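All figures in this text were calculated on a predicted structure; none of them were measured in a lab. Whatever order the structure lists ligands and atoms in, that order sets their numbers, starting from 1.
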Amino acid sequence: MADRKPLIAGNWKMNLNHLEAIALVQKIAFALPAKYFDKVDVTVIPPFTDIRSVQTVVDGDKLLLTYGAQDLSAHDSGAYTGEISGAFLAKLGCTFVVVGHSERRTMHAETDEVVLAKTKAALRHGLTPIVCIGEGLDIRESGEHVAYNVAQLKGSLAGLSAEEIGKVVIAYEPVWAIGTGRVASADDAQEVCKAVRQTLAEIADDATASSVRVLYGGSVNAKNVGDIVGQTDVDGALVGGASLKSDEFATLSAIAAGGPLP
Ligand SMILES: O=C(CO)COP(=O)(O)O
């Protein structure tokens with residue numbers, strides 16, 4: 001995995017209110033002692049309405065886990081009802097922001113152009129965008145998945161400088177593996193994550209490509225995470241369902257850290 005520190009990011013999606021968020025963060029912190037954080041970065045990505053409460057717990061208890069948001073506006077301020085500015089997220093101490101999750105690409109018609117604009121907005125505010133790509137089942141079955149993901153990656157990062165690309169995290173999440181229990185094989189994850197890294201070398205440079213973290217996401221749990229993050233080009237995981245269970249999330253984070261189990 002070169003010298004890239006693994007990242008485990010728990011995308012809570014639209015689950016847990018702010019009180020439930022406080023409880024889950026406290027349980028994760030209790031289950032994952034400080035020593036693990038030397039070897040793995042762990043972050044939680046709750047709904048917007050939870051972030052202030054999560055910030056209070058993390059700051060108050062001096063926790064080592066970080067937190068982020070699931071989306072942001074491409075705009076910084078103004079007449080955009082319902083949108084959330086990256087400036088607000090930065091002020092709340094967010095480290096990461098997910099952009100281009102397949103659920104937003106599909107249900108909110110987010111194109112690569114929109115994802116690029118949001119990635120730029122994140123970078124403007126000092127947030128680390130976790131840029132998501134991933135193919136549907138039809139593309140996978142047609143055997144065009146590598147080319148599809150490469151095109152989506154290029155579109156989502158078009159025109160960014162090597163320095164800017166060096167500040168992003170990429171998450172490969174095959175849509176057919178999200179929430180289905182159908183995890184991609186470790187080889188499948190490696191195949192696309194390797195192509196992602198080669199593409200980063202092409203659009204930025206070798207040094208940038210070897211420093212950017214590339215995550216896999218889709219039905220990751222404590223049982224399969226070891227195989228997946230053991231792949232050369234997979235630097236961690238974007239975890240949905242299993243991130244809502246404190247013990248499982250702590251265990252899979254510990255496995256990504258190389259153990260031992262907590
Ligand atoms: O979409 C995901 C994370 O962003 C993956 O979700 P699941 O882990 O529930 O499949």
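When heavy-atom distances to ligand 1 are checked against a 4.0 Å cut-off, Asn11 comes that close only through its side chain, counted from C-beta outward. Residue Ser243 does not touch ligand 1, judged by heavy-atom distances below 4.0 Å.
Nearest protein neighbour of atom 6 (O) of ligand 1, counting heavy atoms only, is Lys13 NZ, 3.3 Å. For atom 8 (O) of ligand 1, the closest non-hydrogen atom of the protein is Gly240 N, 2.9 Å. At the shortest separation from atom 2 (C) of ligand 1 among protein heavy atoms lies Glu173 OE2, 3.1 Å.
In the hydrophobic cluster analysis, where Ile, Leu, Val, Met, Phe, Trp and Tyr join through side-chain heavy atoms closer than 4.5 angstrom, Leu238 is grouped apart from Val183.
Shown in contact with Ala177 at under 4.0 Å from a heavy atom are these atoms of ligand 1, numbered in order with element: 10 (O). Per-residue contacts place Leu238 under 4.0 angstrom from the following atoms of ligand 1 (heavy atoms of the residue considered): 3 (C), 4 (O). Of all the atoms in ligand 1, the ones that sit under 4.0 Å from a non-hydrogen atom of Ser219 are 7 (P), 8 (O), 10 (O). For ligand 1, the atoms sitting less than 4.0 Å from at least one non-hydrogen atom of Gly241 are 7 (P), 8 (O), 9 (O), numbered in the order shown with element in parentheses. Of all atoms in ligand 1, numbered sequentially from 1 with element shown, those under 4.0 Å from a heavy atom of Gly218 are 5 (C), 10 (O).
A salt bridge links Asp112 to Arg105: one of the charged nitrogens lies within less than 4.0 Å of a carboxylate oxygen. Ionic pairing of Glu202 and Lys154 is present here: one or more N-O contacts between side-chain nitrogen and carboxylate oxygen are shorter than 4.0 angstrom.
Among the atoms of Thr180, none of the N or O lies under 3.5 angstrom from an N or O of ligand 1. For ligand 1, the polar-atom distance check finds an N/O of Gly179 within less than 3.5 Å of one of the ligand's N/O atoms. At under 3.5 Å, not a single nitrogen or oxygen of Gly217, backbone or side chain, sits near a nitrogen or oxygen of ligand 1.
Across Val25 and Trp12, no two heavy atoms sit closer than the pair CG2-CH2, 3.9 Å.
Rounded to the nearest 0.5 Å, atoms NZ (Lys118) and OG (Ser156) are 12.0 Å apart. Note that SG of Cys94 is 12.5 Å distant from NE2 of His125, once rounded to the nearest 0.5 Å.
Checking side-chain atoms of Ser73 against main-chain N and O of Ile84 turns up no donor-acceptor pair under 3.5 Å.
The side-chain heavy atoms of Ser253 and Tyr36, taken from C-beta on, include no pair separated by under 4.5 Å.
Summarising the local packing, CZ of Phe48 is surrounded by more than 12 heavy atoms from other residues, nucleotides or ligands at distances under 6.0 Å.
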